[in-house]
Amino acid sequence: MTPESDLIVVGAGPAGTAAALMAVSLGMRVRLIEHDRVGGKLHHIGALNNVPGNWATGPDLAAALAADLERLAPTNLLRRTTGTATAVSADDEQAYVDLADGSRHSGGAAVIATGVTTLSPADATWVTAPDGLWPTPLWRTGPAEMSGPTWVLGADRPLGTWLRAHPTVERTLNVLCPPDDDYKAAEVAEDPRVHLVRCTSVSITPATRRGWALSVNDRGGEERQYIAGALLGNLGNQPAALAGLAQSTDGYCPPDEQHPRIWTAGDLRSARFQRIVAAQGSGAEAVLARYYSTALVSADAQGKSGSATW
């Protein structure tokens, strides 16, 4: 069966959009599968200080990415589908992506850029909390939504982003920091608005009047009690891996462990490279790797050195 496209791209965040742009620029027929809207989590990032292009906020960059995709419409090389991808597979001839509605798309290869999902207290081994508790993520919360003593579960990097997005807000964030987050907290440790509470575990229960009661075990083995008026989540992420992807022990999906027709890009690859610029570069790199490997095979089959086409 002939593939319906040269490349399927799953995800329209920075990595997926970069992959689609690069593929179309190379003359490839692309099927882009969007879960919701172009930009993904960019819509909730209040400040960008490490992304070239003079972007002030995530929504600014998301709007630019959406405009880039609209610009490709006249080429007729890009087809966009809104849906939730559930699985990816491949054989010797093509790659396949299954959607939640039961449909399937095929392509010569697939770039999977589904990113990561937010961890809940139930996912953190150092947190004990009532069933179903899911605090609003810090990165989705504005200062006006915080009342009383504000406590943050975890010292993941969105903490620094939030502080940069609100440079004039004089509110103390009490941040529960487990040992695994120490290296992430280093970049904000000197900010006077951050009160790092280095701990090994915390137990959360509803407070008698309002808010939450926190029983915190500190690094010295002592148990301390606090009351949180506002409780926000900042526990980190877990990979949003599709069924069929090869995963490492940490759940992430390294590109070099996948089927030759399947490439992973962006935050899905590793917890160490979760940056917007790194995601964009990996999306473009995945397409170039696929393009040149196919071109070389085609050229070899034709006995030529550079006239291979898609």
Chemist: Examine distances only and state if a side-chain atom of R193 and a backbone atom of L173 form a donor-acceptor pair shorter than 3.5 Å.
Modeler: no
Chemist: Are H195 and V175 side-chain neighbours, meaning at least one heavy-atom pair lies under 4.5 Å?
Modeler: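 Of all side-chain heavy-atom pairs linking V175 with H195, none is under 4.5 Å.
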Chemist: Between the main-chain N or O of E4 and the side-chain N or O of R29, is there a donor-acceptor pair closer than 3.5 Å?
Modeler: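 It does hold such a pair.
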Chemist: List the atom of A155, the atom of A185, and the distance in Å for their closest heavy-atom pair.
Modeler: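 Minimum heavy-atom contact is CB-CB, 3.9 Å.
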Chemist: Give, for atom CG of L214 and atom OG1 of T205, the distance between the pair rounded to the nearest 0.5 Å.
Modeler: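 Spacing of CG (L214) from OG1 (T205) equals 8.0 Å.
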Chemist: How long is the span from the CZ atom in R31 to the OG atom in S106, to the nearest 0.5 Å?
Modeler: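 The CZ atom of R31 sits 9.0 Å away from the OG atom of S106.
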Chemist: Could you check whether any side-chain heavy atom of V216 comes within less than 4.5 Å of a side-chain heavy atom of Y226, counting everything from C-beta outward?
Modeler: yes
Chemist: Only pairs under 3.5 Å count here: list side-chain donor-acceptor contacts from residues 57-74, not counting sequence neighbours, and write none if there are none.
Modeler:
{"from": "T57", "atom 1": "OG1", "to": "D60", "atom 2": "N", "distance (Å)": "3.3"}
{"from": "T57", "atom 1": "OG1", "to": "D60", "atom 2": "OD2", "distance (Å)": "3.2"}
{"from": "D60", "atom 1": "OD2", "to": "T57", "atom 2": "N", "distance (Å)": "3.3"}
{"from": "D68", "atom 1": "OD1", "to": "R71", "atom 2": "NH2", "distance (Å)": "3.1"}
{"from": "E70", "atom 1": "OE2", "to": "R80", "atom 2": "NH1", "distance (Å)": "3.3"}

Chemist: Under a single-linkage definition using a 4.5 Å side-chain heavy-atom cutoff for Ile, Leu, Val, Met, Phe, Trp and Tyr, are V188 and V152 assigned to the same hydrophobic cluster?
Modeler: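 Cluster IDs for V188 and V152 match.
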Chemist: Establish, from distance only, whether the side-chain atoms of T84 and H35 form a donor-acceptor pair under 3.5 Å.
Modeler: yes
Chemist: Given T81 and E34, is the side chain to side chain contact (heavy atoms under 4.5 Å, CB included) satisfied, shown in steps?
Modeler: CA-CA 6 Å; T81 298; E34 311 166 37; over 6 Å; no
Chemist: Are V197 and I227 co-members of a hydrophobic cluster defined by side-chain heavy atoms under 4.5 Å apart?
Modeler: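 Different hydrophobic clusters.
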Chemist: What distance separates I8 CD1 from I262 CD1, expressed to the nearest 0.5 Å?
Modeler: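 Rounded to the nearest 0.5 Å, the CD1-CD1 separation comes to 9.5 Å.
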Chemist: Does some side-chain heavy atom of Q238 sit less than 4.5 Å from a side-chain heavy atom of S120?
Modeler: no
Chemist: Going by heavy atoms in the side chains, are L32 and R79 under 4.5 Å from each other?
Modeler: no
Chemist: Quick one, R261 and R290 - any side-chain contact, counting heavy atoms below 4.5 Å?
Modeler: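 Yes; the side chains approach each other to less than 4.5 Å.
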Chemist: For L268 versus P239, what's the shortest heavy-atom pair and its separation?
Modeler: CD1-CB, 3.9 Å
Chemist: Applying a strict under-4.5 Å side-chain criterion to I, L, V, M, F, W and Y, I'd like to know whether W162 and W139 cluster together.
Modeler: no
Chemist: Do L235 and T118 come close enough that some side-chain heavy atom pair is under 4.5 Å?
Modeler: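 No, their side chains stay 4.5 Å or more apart.
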Chemist: Which pair of heavy atoms, one from W55 and one from V51, lies closest together, and at what distance?
Modeler: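 Closest approach of W55 to V51: CD1-CG1, 3.9 Å.
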Chemist: Is a donor on one side and an acceptor on the other found under 3.5 Å between the side chain of N234 and the backbone of D156?
Modeler: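 Yes, N234 side chain to D156 backbone: donor-acceptor pair under 3.5 Å.
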Chemist: Please round to the nearest 0.5 Å and tell me the distance separating atom CG of D123 and atom CG of N237.
Modeler: 11.0 Å
Chemist: Could you list the donor-acceptor pairs under 3.5 angstrom formed between side-chain atoms of residues 241-253 and any protein atom two or more places apart in sequence or on another chain?
Modeler:
{"from": "Q247", "atom 1": "NE2", "to": "G251", "atom 2": "O", "distance (Å)": "2.7"}
{"from": "D250", "atom 1": "OD1", "to": "Y252", "atom 2": "N", "distance (Å)": "3.0"}
{"from": "Y252", "atom 1": "OH", "to": "Q274", "atom 2": "NE2", "distance (Å)": "3.0"}

Chemist: So, for P130 and P206, which heavy atoms are closest and what is the spacing to 0.1 Å?
Modeler: CG-CD, 4.3 Å
Chemist: Does any non-hydrogen side-chain atom of S5 lie less than 4.5 Å from one of V30?
Modeler: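 When only atoms from C-beta onward are counted, S5 and V30 do not touch, as no gap falls below 4.5 Å.
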Chemist: Which residue pairs pass the side chain to side chain donor-acceptor pair (under 3.5 Å) test when at least one of the two sits in residues 211-223, sequence neighbours left out?
Modeler: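 Residue pairs with at least one partner in residues 211-223: D182-R219, S201-N217, S215-E223, S215-Q225, D218-R224, E222-R224, E223-Q225.
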Chemist: Take R104 and V97, measure what side chain to side chain contact (heavy atoms under 4.5 Å, CB included) needs, and give me the verdict at the end.
Modeler: CA-CA 6 Å; R104 165 175 277 196; V97 173; over 6 Å; no
Chemist: Please list every donor-acceptor pair under 3.5 Å in which a side-chain atom of residues 143-151 meets a protein atom from a residue at least two apart or in another chain.
Modeler:
{"from": "E145", "atom 1": "OE2", "to": "G142", "atom 2": "N", "distance (Å)": "2.9"}
{"from": "T150", "atom 1": "OG1", "to": "G148", "atom 2": "O", "distance (Å)": "3.4"}
{"from": "T150", "atom 1": "OG1", "to": "R171", "atom 2": "NH1", "distance (Å)": "2.9"}

Chemist: Rounded to the nearest 0.5 Å, how far apart are CH2 of W263 and CG of L288?
Modeler: 10.0 Å
Chemist: With hydrophobic residues grouped by side-chain heavy-atom distances under 4.5 Å, do L78 and I33 end up in a single group?
Modeler: no
Chemist: Using side chain to side chain contact (heavy atoms under 4.5 Å, CB included), reason through L232 and L153 one step at a time and then give a plain yes or no.
Modeler: CA-CA 6 Å; L232 303 173; L153 291 178; over 6 Å; no
Chemist: Mind checking the CD1-CG spacing from I204 to L176? Nearest 0.5 Å is all I need.
Modeler: 7.5 Å
Chemist: Are Y292 and L26 connected, step by step, through hydrophobic side chains (Ile, Leu, Val, Met, Phe, Trp, Tyr) whose heavy atoms are closer than 4.5 Å?
Modeler: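 Yes; L26 is reachable from Y292 via cluster members.
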Chemist: So does G13 get a backbone contact from the side chain of T17, meaning a donor-acceptor N/O pair under 3.5 Å?
Modeler: yes
Chemist: Between S282 and A15, which heavy-atom pair has the shortest distance, and what is it?
Modeler: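 Looks like OG-CB, 4.4 Å.
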Chemist: Could you please spell out the steps behind the side chain to side chain contact (heavy atoms under 4.5 Å, CB included) verdict for D6 and L77?
Modeler: CA-CA 10 Å; D6 297 313; L77 292 174; over 6 Å; no
Chemist: May I have the list of side-chain donor-acceptor pairs in residues 37-47 shorter than 3.5 Å, sequence neighbours left out?
Modeler:
{"from": "K41", "atom 1": "NZ", "to": "V116", "atom 2": "O", "distance (Å)": "2.5"}
{"from": "H43", "atom 1": "NE2", "to": "V38", "atom 2": "O", "distance (Å)": "2.8"}

Chemist: Looking at D91, I want to see if its CG is surrounded by more than 12 non-hydrogen atoms of other residues, nucleotides or ligands under 6.0 Å.
Modeler: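 Atom CG in D91 is crowded, with more than 12 foreign heavy atoms closer than 6.0 Å.
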Chemist: Please give me the minimum heavy-atom distance between A85 and V10, naming the atom from each residue.
Modeler: CB-CG1, 3.6 Å
Chemist: Which residue pairs satisfy the salt bridge (charged side-chain N to carboxylate O under 4.0 Å, His left out) criterion with at least one member in residues 262-276, sequence neighbours excluded?
Modeler: none
Chemist: Find out whether L7 and Y291 are in side-chain contact, i.e. whether some heavy atom of one side chain is under 4.5 Å from a heavy atom of the other.
Modeler: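 Result no, sub-4.5 Å side-chain heavy-atom pair not found.
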